[in-house]
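Atoms within a ligand are numbered from 1 in the order they appear, just like the ligands themselves. Quick caveat: nothing in here was measured; it's all calculated off a predicted structure.
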Amino acid sequence: MSDFLEQRIKRIVVGVTGASGSIYGWRLLEKLQEQPHIETHLIITRSGERTAFLEMGKTASDFRNLATYHYPVEDIGSRLASGSAVLDGMIVVPCSIHSMSAIAAGISSNLLIRAADVMLKERRRLILMVRETPLHLGHLRTMTALAEMGAIIAPPVPAFYHRPQTAADIVEHSVDRALDLLGIPAPDTKRWEGKP
Ligand SMILES: Cc1cc2nc3c(=O)[nH]c(=O)nc-3n(C[C@H](O)[C@H](O)[C@H](O)COP(=O)(O)O)c2cc1C
């Protein structure tokens, strides 16, 4: 039985929005692609495409090549828009304040927001890697409301106890923590083993 559970394909929706930090979404998709038994379902917003190109010179098509399946953000008739789709969770990485606020308000005006709403209503895992600073009270209240609804707010805040040497090390750490939250730990995750 445990073998069966370990082998079962996990279906994860990955949303990429127009917040800064497209590299987090890119690296997460790369790491999920390396893992067996994972299916990724990618939705990238128009602003997400724009920011990714500005920050990384990567196109939407480059991102789509890393995913198992991809969907136009306007395709509100997609299978991801329905609670009947068998999906294990969703991560929005990076998550803009715009998308976060729409998710909190249940304004399902595009497929990414609807798919996140479905996760909440079906009581499935929803992780939002919200990237903005500083945060005003409205942002903080929205995050509180989402946490009360069951979402996990996981901003990509760097840690330094693992002594990162490069920006890539910092990105890797946040992505590995997000994979832990999805229940799909990366085999090479560096972990704090206690006091040296
Ligand atoms: C280069 C660039 C960086 C941005 N960084 C952020 C950010 O860190 N956080 C944020 O909430 N919005 C950021 N924005 C603004 C969002 O892209 C904008 O609010 C957009 O409407 C979000 O739409 P979406 O949620 O559909 O992707 C940035 C925009 C650009 C062009």
With sequence neighbours excluded, tell me which residues meet salt bridge (charged side-chain N to carboxylate O under 4.0 Å, His left out) with Asp169.
->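 Not a single residue meets the salt bridge (charged side-chain N to carboxylate O under 4.0 Å, His left out) criterion with Asp169.
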
Please name all residues satisfying salt bridge (charged side-chain N to carboxylate O under 4.0 Å, His left out) with Arg191, sequence neighbours left out, ordered by chain then number.
->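 Arg191: salt bridge (charged side-chain N to carboxylate O under 4.0 Å, His left out) contacts with Asp180.
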
Result block: side-chain N/O donor-acceptor pairs under 3.5 angstrom for residues 91-109, not counting sequence neighbours:
| residue | atom | partner | partner atom | Å |
| --- | --- | --- | --- | --- |
| Ser96 | OG | His98 | N | 3.4 |
| Ser96 | OG | Ser99 | N | 2.9 |
| Ser101 | OG | Ile97 | O | 2.7 |

Anything with a heavy atom under 4.0 Å from ligand 1 counts, so go ahead and list those protein residues by chain and number.
->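 Heavy-atom contacts below 4.0 Å: Thr17, Gly18, Ala19, Ser20, Thr45, Ser47, Thr51, Leu54, Ser96, Ile97, His98, Ser99, Arg131, Glu132.
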
For atom CZ of Arg79, is the number of surrounding heavy atoms from other residues, nucleotides or ligands below 6.0 Å larger than 12?
-> yes

Audit row: Lys31, Glu172, salt bridge (charged side-chain N to carboxylate O under 4.0 Å, His left out) steps and yes/no = CA-CA 10 Å; Lys31 294 196 83 153; Glu172 202 72 3; 2.7 Å; yes

Test log, rule side chain to side chain donor-acceptor pair (under 3.5 Å), inputs His41 and Glu39 | CA-CA 7 Å; His41 297 254; Glu39 235 178 61; 2.9 Å; yes

